[in-house]
Amino acid sequence: MTDDCWNQIGIAGDRTCRQLKKYIHCRNCPVYADGGRSLLEQELPGGYLDEWTQVLRSTPEVTNPKTTDTISVGIFRLRDEWLALPAALFKEVTQLSVTHTLPHRSNPILIGLVNIRGELQLCISLTSLLGLETADSHRKNVSLVVYERMVVVEKEGSRWVFVVDEMHGIHRINLEELRNVPATVSKVPQTYTKGIITWQGQNVCYLNDDLLFDSLNNKII
């Protein structure tokens with residue numbers, strides 16, 4: 001195990017670490033936490049405080065700085081599409097669990113009920129809702145080591161569970177980076193999108209969470 005295993009075999013490397021299946025992301029691993037703690041607890045080099053004191057004293061004061069609004073989003077993959085939702089909606093990311101179908105329900109979006117920490121939740125197919133079932137099955141620029149996950153999202157008391165082919169994690173973006181949605185960029189219907197985010201060379205479709213939850217409530221409940 002290297003000192004910065006997260007950059008070698010972890011989420012920023014080739015993802016061959018066996019602990020990823022358990023912790024999902026390196027930031028949840030105790031090895032990563034220990035590395036951060038040791039960095040914060042190391043002794044400052046000689047003259048460090050005096051040097052930064054002089055730097056701050058010589059820095060001119062900036063009045064009325066330009067501020068840029070930012071948002072945090074959770075990025076995940078369905079089929080070949082990278083998608084994003086506001087980070088605040090994500091309540092839990094967990095391993096796959098058995099889904100129990102509901103009798104006399106033929107709705108293609110509603111898969112059934114799933115047990116999440118002892119509580120039954122409605123499990124839906126987001127790929128069906130977004131019309132991604134017929135998307136190309138080949139993977140482009142996708143790591144060979146990926147894990148399907150169940151994601152729990154909630155908004156205003158409405159909670160849903162769906163399976164993702166890959167969960168990246170939380171990413172912060174400037175609203176200025178949000179671009180309009182060209183028809184050729186994403187297979188997701190434009191009505192479900194707020195814009196496109198560029199992330200690690202990928203086009204990520206930022207979903208309209210208001211419309212998404214309204215559609216689920218109207219089509220299933």
Dump the intermediate steps for side-chain contact (heavy atoms from CB on, under 4.5 Å) on V204 and T198, then the final yes or no.
-> CA-CA 6 Å; V204 179; T198 300; over 6 Å; no
Applying side-chain hydrogen bond (donor to acceptor under 3.5 Å, both in side chains), run through T70 and N174 and close with a yes or a no.
-> CA-CA 4 Å; T70 61; N174 295 326; 5.2 Å; no
Got I116 and E92 here, is their nearest side-chain heavy-atom distance under 4.5 Å?
-> yes
Hey, are the side chains of L129 and S215 touching, using non-hydrogen atoms and a 4.5 Å cut-off?
-> yes
For the pair D209 and K194, find out whether any cationic side-chain nitrogen is under 4.0 Å from an anionic carboxylate oxygen.
-> yes
Full working for salt bridge (Lys or Arg N to Asp or Glu O under 4.0 Å) between R172 and E177 | CA-CA 11 Å; R172 181 171 289 276; E177 301 176 20; over 6 Å; no
May I ask you to say whether E148 pairs ionically with R77, meaning some side-chain N is under 4.0 Å from a carboxylate O?
-> no
Minimum heavy-atom separation for C26 to I11, with atom names?
-> SG-N, 3.2 Å
Are V114 and I24 in one and the same hydrophobic cluster, where Ile, Leu, Val, Met, Phe, Trp and Tyr link if side-chain heavy atoms are under 4.5 Å apart?
-> no
Close side-chain approach of L122 to L110, heavy-atom, < 4.5 Å = yes
Rounded to the nearest 0.5 Å, what's the gap from CG on L132 to OG on S125? Could you check?
-> 9.0 Å
Which atom of N217 lies closest to which atom of S158, heavy atoms considered | OD1-OG, 3.0 Å
Any residue meeting ring pair (Phe, Tyr, Trp, His ring centres under 6.0 Å) with Y206, in chain and number order, not counting sequence neighbours = none
Of all the heavy-atom pairs spanning S128 and P108, show the shortest one and how long it is.
-> OG-O, 3.7 Å
Using the rule that two of Ile, Leu, Val, Met, Phe, Trp, Tyr join whenever any of their side-chain heavy atoms come within less than 4.5 Å, decide whether L113 and V153 are in one cluster.
-> yes
Separation of R159 CZ from E119 CD (nearest 0.5 Å) | 6.0 Å
Same hydrophobic cluster for V161 and V93, using side-chain heavy-atom links shorter than 4.5 Å among ILVMFWY?
-> no
Using a 4.5 Å cut-off on heavy atoms from C-beta on, say whether the side chain of W160 contacts that of V151.
-> no
Where R149 and K21 come nearest, the two heavy atoms and their spacing | NH2-O, 3.0 Å
Mind checking whether H100 and V98 have side chains closer than 4.5 Å, heavy atoms only?
-> yes
Cluster overlap F162 with L102, hydrophobic side-chain contacts below 4.5 Å | yes
Could you tell me which non-hydrogen atom of F76 sits nearest to which non-hydrogen atom of L207, and how far apart they are?
-> CZ-CD1, 4.3 Å
Is L78 close to L83 at the side-chain level, that is, under 4.5 Å between some pair of heavy atoms?
-> yes
Please report the shortest heavy-atom distance between S97 and M150, naming the atom on each side.
-> O-CE, 3.3 Å
Side-chain heavy atoms of L216 within contact of I109, under 4.5 Å | yes
Distance from C123 atom SG to L96 atom CG, nearest 0.5 Å?
-> 9.5 Å
Tell me, please, which residues at least two apart from D210 pass salt bridge (charged side-chain N to carboxylate O under 4.0 Å, His left out).
-> K155
Side chain N208, main chain L211, donor-acceptor under 3.5 Å = yes
What distance do K22 atom NZ and C17 atom SG have between them, rounded to the nearest 0.5 Å?
-> 11.0 Å
Does R79 offer a backbone N or O that forms a donor-acceptor pair with the side chain of D165 under 3.5 Å?
-> yes
Under a single-linkage definition using a 4.5 Å side-chain heavy-atom cutoff for Ile, Leu, Val, Met, Phe, Trp and Tyr, are V152 and L126 assigned to the same hydrophobic cluster?
-> no
Go through the steps for I197 and L178 under the test side-chain contact (heavy atoms from CB on, under 4.5 Å), then give the verdict.
-> CA-CA 5 Å; I197 303 166; L178 202 59; 3.7 Å; yes
Examine the side chains of T94 and R117 and answer whether a donor and an acceptor come within less than 3.5 Å of each other.
-> no
Can you tell me how far CD1 of I124 sits from CG of N107, rounded to the nearest 0.5 angstrom?
-> 10.0 Å
Side chain N28, main chain Y23, donor-acceptor under 3.5 Å | yes
Min side-chain heavy-atom separation M167-F90 under 4.5 Å = yes
Joining Ile, Leu, Val, Met, Phe, Trp and Tyr whenever any side-chain heavy atoms lie under 4.5 Å apart, the cluster holding I111 also takes in none
Looking at the rings of H168 and W82, which for Trp means the six-membered one, are their centres under 6.0 Å apart?
-> no
